[in-house]
Amino acid sequence: MTDSQQPPSDAASSAARQALTTATNSARSGARMAVGTLFAGANVLLDLGVRVARSFPEEATTNGREIQLETPDGEMTAVALTATSVASGDVRPMGWWLPDGSAPQVGDDAMNAALKQVGRSLFVVQTDDGPAVATTGRAVVGADALGPGDSKPLIAFAPAVLPEQLGDAAFRKAHGVKYCYVAGAMANGIGSVEIVEAMSRAGMLGFFGAAGLPLAQVEAAIDRIQASLGDQPYGFNLIHSPNEPQLEAGVVDLYLRRGVHLVSASAYLDLTLPLVKYRVAGIHRDADGRVVCPNKVVGKVSRVEVARKFMSPPPAGMLDKLVAAGFITAEQARLARTVPIANDITVEADSGGHTDNRPALSLFPGMVALRDEIQRDLQYVEPPRLGLAGGIATPASVAAAFSMGAAYVLTGSINQACVEAGTSDTVRQMLAEAGQADVIMAPAADMFEMGVKVQVLKRGTMFPMRARKLYDWYRECDSLETMPTAARASLERDYLRCTVEEAWASTRRFFETRDPAQIERAEKDAKHKMALVFRSYLGQSSNWANSGEPSRRVDYQVWCGPAMGAFNEWSAGSFLAHTENRRVEIVGRNLMMGASVLMRAAALRAQGVPLSPTATAFAPHTAEELDSLVNGADGAGVA
């Protein structure tokens, strides 16, 4: 403001006093509030107790002029009005920051420290030394705001963003968790009971990797988890088994009998009757008339056509079969037509194990559009939520997922390198040394004949090459007996380490308890017999890795995606670079905390604040350090 401008009129000053009196008389004692009014050309934003004020428009004020304002108790308080000029080309401040004892700090280190205090509001203010950052004080927001006393122009603002606020609150409520963070169900018990327990106790969600395990071992895991966790959240895997349908049905019956109410349905190419049976078991209306499904399904998908089925109600034909079998009533079938198969959909991008290697940046928005289309048509009371998996390994990837609208994030490969994972120390070290390019696709044991592949680690193992060779032999030969002499010799020497006859005898014993129908079929179909023997190598290769069998190290099958390399790059040089320090809780907390920091940084960038890599860096922190960043109430506020 220039000296030539005139002071406010008596009418404007009177209006200001009236505005304050009216506002404060309606507030509770001791409260603070801001009121914007416009009286006779006077624009005023006042804080109760006159601690903050936006002065009159520039054309009606004079720097340093005091006006008398009346407080609720009748006392008169003098407020000095201050204005600043805006140089041509400068960005006009968004408001004013008022100090609370601590001066704002300048520099990248100060910005980094402020961003990490995720439980406090962050203010970027203009000082004589340039932009500075503060996490205390209060702010008055308004494009034409003017401030009193030693206030400073407010350039940008970032709210407190706690890790437990990231994601969808409905997901946290539905599953009883603190964080929207999930550990996926890595097969063969790699997603161990220890992982499930640790995740649950940390306020996160973990799924036991039941795929590939005999029913007795799955039930033993249920015994332990239910005894140790009680009502705390946990889930189990339900994998599509097109070659062993009776196994899938047996797992569902086990879950229903033992009261397992949450499953992660993975590798499904289509819906199956056992999956639908699990979903609709016990469906009913509650006292308020709402449809309740006791069993919840998290569908893991990477294709739109499969996602559509999980987001839709159960197929009418399958419901009719369940009614005919007496498993549900006709009324329950009618209720089932009002709910989707899955409450939550994990959109699986480029992950370890079963994957279509889809890029998350294009896959997830497409799934969101599909969900929205289905919701418009079917009008579910509770629309399916979408989470993101595949490549989730760093604070940046977690922040990106939540920025795209993910309700939750799911990690996999990085948990396999943690001490709780059901694998060997040898595998953990192999994973800790992996880069993003050290992965490759190889034939899958469970869907071998269909040509389905899984993503595995290629560094330090010959499994990918040998698995591909097995599939080549399967396509080229009609039986074990018709294999070329050299190929059969290599099979027995390098893969089976026994004769073909001995390998079949061992395979036969395995399927006698797992799925006897496979033996009957193999005795009639020589090519299927060959497939079962080949699958025995593929299946055992994972067991050798999990147990750390030293004589079979070159045959280790280790499911892994590029996320593992990304995590190693991020944690390099920190305590998390060492496998003995990698625990699922501390890994999860670091990723969520780092995401909170980066989302606050993104808010500042969106307001035009330039931030250097040093200012936004977030390296792994210990549990104690993480606690210190979130403890304490936010002492800052915005009016």
Side-chain angles (χ1 to χ4, degrees), residues 181-188 190-191 195 206-207 209 211-212 237 239 264 266-267 298 300-303 346-364 367 387-398 400-401 404 406 408-418 421-423 427-447 452-461 463-464 467-468 538 541-542 545-546 556-572 576 579 582 584 587-588 591:
Y181 184 91
V182 182
M186 295 173 287
N188 282 357
I190 298 173
I195 283 182
F207 285 93
N237 179 235
I239 194 167
S264 172
S266 59
V298 178
K300 201 172 185 183
V301 302
S302 57
R303 298 186 180 185
T346 300
V347 179
E348 185 179 30
D350 194 7
S351 67
H354 285 284
T355 180
D356 285 324
N357 307 108
R358 303 289 179 87
L361 288 178
S362 59
L363 179 63
F364 189 81
M367 292 294 186
L388 185 58
I392 305 296
T394 64
S397 55
V398 173
M404 285 195 293
Y408 59 96
V409 293
L410 184 145
T411 56
S413 298
I414 63 174
N415 300 321
Q416 191 175 186
C418 291
T423 191
V427 167
R428 274 185 272 272
Q429 189 58 42
M430 291 170 66
L431 290 168
E433 296 171 359
Q436 293 192 48
D438 291 332
V439 294
I440 195 170
M441 300 299 292
D446 55 347
M447 301 182 187
V452 174
K453 296 181 178 182
V454 290
Q455 190 156 223
V456 298
L457 185 68
K458 68 178 180 181
R459 187 177 190 272
T461 174
F463 170 80
R468 290 198 302 272
L538 300 176
S541 62
S542 174
N546 292 344
Y556 284 3
Q557 178 182 185
V558 181
W559 299 303
C560 181
M564 191 71 255
F567 180 85
N568 292 335
E569 292 164 2
W570 172 67
S571 62
L576 285 183
T579 57
R582 295 185 178 184
V584 289
V587 167
L591 295 188

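Just so it is clear, the values below take in all heavy atoms, side chains as well, and ignore hydrogens, waters and symmetry mates.
The distance from the CZ atom of Phe567 to the CG atom of Leu576 is 5.0 Å, given to the nearest 0.5 Å. Note: Met441 CE to Asn357 CG = 4.5 Å, rounded to the nearest 0.5 Å. Here CG of Leu410 is found 7.0 Å from OG of Ser264. Values are rounded to the nearest 0.5 Å. Separation of atoms CE (Met564) and CG (Asn415) is listed at 9.0 Å; rounding is to 0.5 Å. Taking OG1 from Thr355 and CH2 from Trp559, the interatomic distance works out to 14.5 Å, rounded to the nearest 0.5 Å. Arg303 CZ to Arg358 CZ: the interatomic distance, rounded to the nearest 0.5 Å, is 6.0 Å.
Residues Gln557 and Thr461 form no side-chain contact, since every pair of their non-hydrogen atoms from C-beta on lies 4.5 Å or further apart. Contact of the Val301 side chain with the Thr346 side chain is not registered, since no non-hydrogen atoms from C-beta on lie closer than 4.5 Å. Side-chain atoms of Phe463 and Leu457, non-hydrogen and from C-beta on, never get closer than 4.5 Å to each other.
Between the side chain of Arg428 and the backbone N or O of Cys418 there is at least one donor-acceptor pair closer than 3.5 Å. Panel note: side chain Gln416, backbone Thr423; no donor-acceptor pair is recorded below 3.5 Å. Using modelled atom types, no side-chain atom of Glu348 and backbone atom of Ser302 make a donor-acceptor pair closer than 3.5 Å. Remark: side-chain polar atoms of Ser413 are not paired, donor with acceptor, to backbone N or O of Ala563 under 3.5 angstrom. When atom types are taken as modelled, the side chain of Arg582 and the backbone of Ile414 share no donor-acceptor pair closer than 3.5 angstrom.
Smallest separation of non-hydrogen atoms from Asn568 and Ala434: ND2-O, 2.9 Å. The two residues Val454 and Ala444 have their closest heavy-atom pair at CG1-CB, 3.6 Å.
The stretch residues 432-441 participates, sequence neighbours left out, in these salt bridge (charged side-chain N to carboxylate O under 4.0 Å, His left out) pairs: Glu433-Arg459, Asp438-Arg459.
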